[in-house]
Asks: 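Before we start, here is the structure in question, set down as structure tokens.
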Amino acid sequence: MNKCGFTTDLKRINQVKNPDALRDWCQSMKDKLIADVSNYAKGRYRLWLFHEVDFRNGKLTKAYYDQRIFDFSQRIYPGCNIGLLTFGGKLDNSKFSDGRINLHRDHTYAKPKAISINLGEAIFSYGEPEPKDYLLKDGDILEFNCKVLHGVKQIKSPERFSLVFWQLNDSKGYHSLL
């Protein structure tokens, strides 16, 4: 536990049962990915799921919604209502998505618990005061506290998709629009 009472553990909680089916869905989303505007993720492409937060003004809007991925998210993290698909590798339009993100803490839109699904291999840095590096393997499902410093330091496979799910933080004024 940290001084705020949140767990600071990084836990592998499961493995994706059929990573190829999920990877196929992610592949089908590549043409919907857009350049990330975050200063922490220059060169990364992403797609908000269910809701999107504009970090400049904190405004919440509806984002890409697909019943199949929503149902999947509810099996992985019951009650989650915002997600993010990110990618590292070559995009179909001959552009490249870096896929990395520098050390950061997630914005107040999210409650502390985050569930991440990893497809491909990457080095994930996590922890305070000194983040440790963890090798994420294909199909890993992780739970971590998104208010603890974390980032993706390196993509180790030709392609890497990440799906992260959170619950909107109603105590900070972020209420679901679904």
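Side-chain atoms are counted along with the backbone in the values below, which use heavy atoms only and exclude waters and symmetry mates. For clarity, every value in this text was computed on a predicted model and none was experimentally measured.
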Asks: Show your reasoning for whether ring-ring contact (aromatic ring centres under 6.0 Å, His included) applies to Y45 and F96.
Replies: CA-CA 8 Å; Y45 281 68; F96 183 80; 9.3 Å; no
Asks: If you round to the nearest 0.5 Å, how far is NE2 of H104 from OG of S38?
Replies: 7.0 Å
Asks: What are the two closest non-hydrogen atoms of C146 and K111, and how far apart are they?
Replies: SG-O, 3.4 Å
Asks: Side chains of D106 and H150: is there a donor and an acceptor less than 3.5 Å apart?
Replies: yes
Asks: Any non-hydrogen side-chain atom of L91 less than 4.5 Å from a side-chain atom of L33?
Replies: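 Yes - at least one pair of side-chain heavy atoms lies under 4.5 Å apart.
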Asks: Between W25 and I115, is there a shared hydrophobic cluster once you connect ILVMFWY residues whose side-chain heavy atoms come closer than 4.5 Å?
Replies: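 W25 clusters together with I115.
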Asks: Can any side-chain N or O of S157 pair as donor or acceptor with the backbone N or O of G120 at less than 3.5 Å?
Replies: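 Looks like no, no N/O pair under 3.5 Å.
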Asks: Do the ring planes of W166 and Y109 sit parallel (below 30°), tilted (30 to 60°) or perpendicular (above 60°)?
Replies: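 Perpendicular: the ring planes of W166 and Y109 meet at over 60°.
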Asks: Side chains of E121 and L136: closer than 4.5 Å at any heavy-atom pair?
Replies: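 Not in contact.
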Asks: Can you check whether T61 reaches V53 side chain to side chain, under 4.5 Å on heavy atoms?
Replies: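 T61 does not reach V53 side chain to side chain.
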Asks: Do F70 and V16 belong together in a cluster built from hydrophobic side chains that touch within less than 4.5 Å?
Replies: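 Yes, same cluster.
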Asks: Does L177 offer a backbone N or O that forms a donor-acceptor pair with the side chain of H51 under 3.5 Å?
Replies: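 Side chain of H51 to backbone of L177: a pair is present.
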Asks: Under the 3.5 angstrom rule, does the side chain of E143 hit a backbone N or O of L10 as a donor-acceptor pair?
Replies: no
Asks: Can you hop from I34 to V164 via hydrophobic side chains spaced under 4.5 Å?
Replies: no
Asks: In the single-linkage hydrophobic clustering (I, L, V, M, F, W, Y; side-chain heavy atoms under 4.5 Å), do I13 and Y134 co-cluster?
Replies: no
Asks: With the threshold set at 4.0 Å, does a side-chain nitrogen-carboxylate oxygen contact exist between R44 and D98?
Replies: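 No.
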Asks: Which value, rounded to the nearest 0.5 Å, describes the distance between L22 atom CG and Q27 atom CD?
Replies: 11.0 Å
Asks: Determine, stepwise, if the pair D92 / K30 fulfils salt bridge (Lys or Arg N to Asp or Glu O under 4.0 Å).
Replies: CA-CA 7 Å; D92 298 333; K30 280 170 78 172; 3.7 Å; yes
Asks: For Q67, does the CD atom have more than 12 heavy-atom neighbours from other residues, nucleotides or ligands under 6.0 Å away?
Replies: yes
Asks: Give, for atom CG of N14 and atom CD1 of I141, the distance between the pair rounded to the nearest 0.5 Å.
Replies: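 Rounded to the nearest 0.5 Å, the CG-CD1 separation comes out at 4.5 Å.
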Asks: Check for a donor-acceptor pair, side chain of D170 on one end and backbone N or O of G173 on the other, with a separation under 3.5 Å.
Replies: no
Asks: In Å and rounded to the nearest 0.5 Å, what is the CG to OG distance from L84 to S162?
Replies: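 Taking CG in L84 and OG in S162, the distance rounds to 7.5 Å.
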Asks: With side chains defined as the heavy atoms from C-beta onward, is the minimum distance between Y64 and K32 less than 4.5 Å?
Replies: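 Sidechains of K32 and Y64: in contact.
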Asks: Is the gap between the ring centers of F144 and F124 under 6.0 Å?
Replies: yes
Asks: Measure across W48 and G83 and return the closest heavy-atom pair with its distance rounded to 0.1 Å.
Replies: CE3-O, 3.3 Å
Asks: Just by distance, do the side chain of K147 and the backbone of H107 share a donor-acceptor pair under 3.5 Å?
Replies: yes
Asks: Using a 3.5 Å distance criterion without hydrogens, assess whether the side chain of N81 forms a donor-acceptor pair with backbone atoms of L168.
Replies: yes
Asks: Using a strict cut-off of less than 4.0 Å between a Lys/Arg side-chain nitrogen and an Asp/Glu carboxylate oxygen, indicate whether D66 and R68 qualify as a salt bridge.
Replies: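 Result for this pair is no, no salt bridge flagged.
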Asks: Are C26 and L85 side-chain neighbours, meaning at least one heavy-atom pair lies under 4.5 Å?
Replies: yes
Asks: Checking R160 against V152 for the side chain to side chain contact (heavy atoms under 4.5 Å, CB included) test, could you report, in this order, the C-alpha distance in whole Å, the side-chain angles of both residues, the deciding distance, and whether it holds?
Replies: CA-CA 11 Å; R160 187 247 180 181; V152 176; 3.7 Å; yes
Asks: Report yes if some heavy atom in the side chain of D138 is under 4.5 Å from a heavy atom in the side chain of L119; otherwise report no.
Replies: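 Heavy-atom side-chain distance check passes, below 4.5 Å.
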Asks: Treating D140 as the side-chain partner and K137 as the backbone partner, does any N or O pair qualify as donor plus acceptor under 3.5 Å?
Replies: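 Indeed, once roles are kept as given, a pair shorter than 3.5 Å links the two residues.
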Asks: Please walk me through it: do L49 and Y65 pass side chain to side chain contact (heavy atoms under 4.5 Å, CB included)?
Replies: CA-CA 6 Å; L49 304 171; Y65 184 92; over 6 Å; no
Asks: Could you measure the distance from the OG atom of S125 to the CG atom of D133? Nearest 0.5 Å is fine.
Replies: 3.5 Å
Asks: I want to check something: taking the side chain as every heavy atom from C-beta on, are Y40 and L103 in contact at a cut-off of under 4.5 Å?
Replies: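 A side-chain contact under 4.5 Å is absent here.
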Asks: Are I82 and E52 side-chain neighbours, meaning at least one heavy-atom pair lies under 4.5 Å?
Replies: no
Asks: Have E128 and Y126 got a donor and an acceptor in their side chains that come within less than 3.5 Å?
Replies: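 No, Y126 and E128 have no side-chain donor paired with an acceptor closer than 3.5 Å.
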Asks: Between atom CG of D31 and atom CG of L47, what is the distance when rounded to the nearest 0.5 Å?
Replies: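 If we round to the nearest 0.5 Å, D31:CG and L47:CG are 9.5 Å apart.
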Asks: Could you walk me through whether F165 and Y77 pass ring-ring contact (aromatic ring centres under 6.0 Å, His included), step by step?
Replies: CA-CA 7 Å; F165 298 114; Y77 184 177; 7.9 Å; no
Asks: Report whether I101 and F55 are members of the same hydrophobic cluster (ILVMFWY, side-chain heavy atoms less than 4.5 Å apart, transitive linking).
Replies: no
Asks: Salt bridge (Lys or Arg N to Asp or Glu O under 4.0 Å) between R23 and D20: does it pass, once the steps are laid out?
Replies: CA-CA 5 Å; R23 191 179 340 273; D20 290 335; 3.6 Å; yes
Asks: Would T108 and N169 count as having a side-chain donor-acceptor pair, cut-off 3.5 Å?
Replies: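 Per modelled atom types, T108 and N169 side chains form no pair under 3.5 Å.
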Asks: Looking at K153, I want to see if its NZ is surrounded by more than 12 non-hydrogen atoms of other residues, nucleotides or ligands under 6.0 Å.
Replies: no
Asks: Should R100 and I155 be marked as a side chain to side chain contact (heavy atoms under 4.5 Å, CB included) after you check the CA-CA gap, both sets of side-chain angles, and the distance that decides it?
Replies: CA-CA 7 Å; R100 296 177 298 165; I155 307 297; 4.2 Å; yes
